[in-house]
Amino acid sequence: DIKHMDSKAHKEWVGIGNTTILENIKKVDDSKYPLKIYIRIPIIPGINDNEYNLTATASFCRDLKRVDRIELLPYHRLGIGTYEKLGREYELKDLASPSREYIVEKVNFMSQLLSHIEVKAGGGY
């Protein structure tokens with residue numbers, strides 16, 4: 001999963017930066033094994049769904065040899081229970097999941113940037 005391309009924003013929302021995640025994707029891309037990479041991006045309205053972040057993600061993926069597919073996933077609130085068990089506040093508890101149409105709009109945007117990589121809606125959309 002790539003949640004945000006900006007490491008500072010990633011740390012703000014996830015708790016850690018994205019450096020290790022991006023480095024691991026690059027390591028898999030450089031692997032001697034015949035692997036395919038599937039990138040998943042949870043679309044979180046107001047957090048990572050802007051053109052700047054999606055363009056930066058597309059640029060990162062464009063430079064990889066083994067990216068076969070990118071799936072845009074609608075944000076969901078299934079983590080609320082886990083946060084409660086951990087005694088942590090779930091900051092996005094009032095955020096609604098994006099509509100199917102919204103996800104398709106973002107799929108179309110990224111598809112225009114990445115003509116050689118399949119971009120699709122995931123998560124049952």
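- Residues Ile43 and Leu54 have side chains in contact (heavy-atom distance under 4.5 Å, counting atoms from C-beta outward).
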Let me have the donor-acceptor pairs involving side chains of residues 65-75, under 3.5 Å, with sequence neighbours excluded, atom names and distances please.
| from | atom 1 | to | atom 2 | distance (Å) |
| --- | --- | --- | --- | --- |
| Lys65 | NZ | Asp29 | OD2 | 3.4 |
| Lys65 | NZ | Asp30 | OD1 | 3.2 |
| Arg66 | NE | Asp29 | O | 2.9 |
| Arg66 | NH1 | Tyr33 | O | 2.6 |
| Arg66 | NH1 | Leu35 | O | 3.3 |
| Arg66 | NH2 | Ser31 | O | 2.4 |
| Arg66 | NH2 | Tyr33 | O | 3.3 |
| Tyr75 | OH | Tyr90 | OH | 3.2 |
| Tyr75 | OH | Leu92 | O | 2.9 |

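- Pairs of residues two or more places apart, or lying in two chains, that qualify as side chain to side chain donor-acceptor pair (under 3.5 Å) and include a residue from residues 35-46 are Asp1-Arg40.
- A single hydrophobic cluster is not seen to contain both Ile47 and Ile2; linkage of ILVMFWY side chains at heavy-atom distances under 4.5 Å, directly or through other members, places them apart.
- Crowding of Lys26 atom NZ: a count of heavy atoms from other residues, nucleotides or ligands under 6.0 Å not exceeding 12.
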(message) side-chain contact (heavy atoms from CB on, under 4.5 Å) for Ile25 and Phe60? Distances and angles first, verdict last.
(response) CA-CA 10 Å; Ile25 292 170; Phe60 173 78; 3.9 Å; yes
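- A single hydrophobic cluster is not seen to contain both Ile39 and Val14; linkage of ILVMFWY side chains at heavy-atom distances under 4.5 Å, directly or through other members, places them apart.
- Note on residues 79-89: no pairs pass side chain to side chain donor-acceptor pair (under 3.5 Å), not counting sequence neighbours.
- In this structure, the side chains of Val107 and Ser111 come closer than 4.5 Å at one or more pairs of heavy atoms.
- Qualifying side chain to side chain donor-acceptor pair (under 3.5 Å) partners for Ser7, counting only residues two or more places apart in sequence or in other chains: Asn18.
- Residue pairs that meet the side chain to side chain donor-acceptor pair (under 3.5 Å) test with at least one member in residues 44-59, sequence neighbours left out, are His4-Asn53, Asp49-Tyr102.
- Within the structure, salt bridge (charged side-chain N to carboxylate O under 4.0 Å, His left out) pairs that include any residue of residues 94-108 do not occur (at least two apart or interchain).
- Every residue two or more places apart in sequence or in another chain that forms a side chain to side chain contact (heavy atoms under 4.5 Å, CB included) with Ala58 is listed here: Arg62, Met110, Leu113, Leu114.
- With values rounded to the nearest 0.5 angstrom, Ile103 atom CD1 is found 13.5 Å from Lys120 atom NZ.
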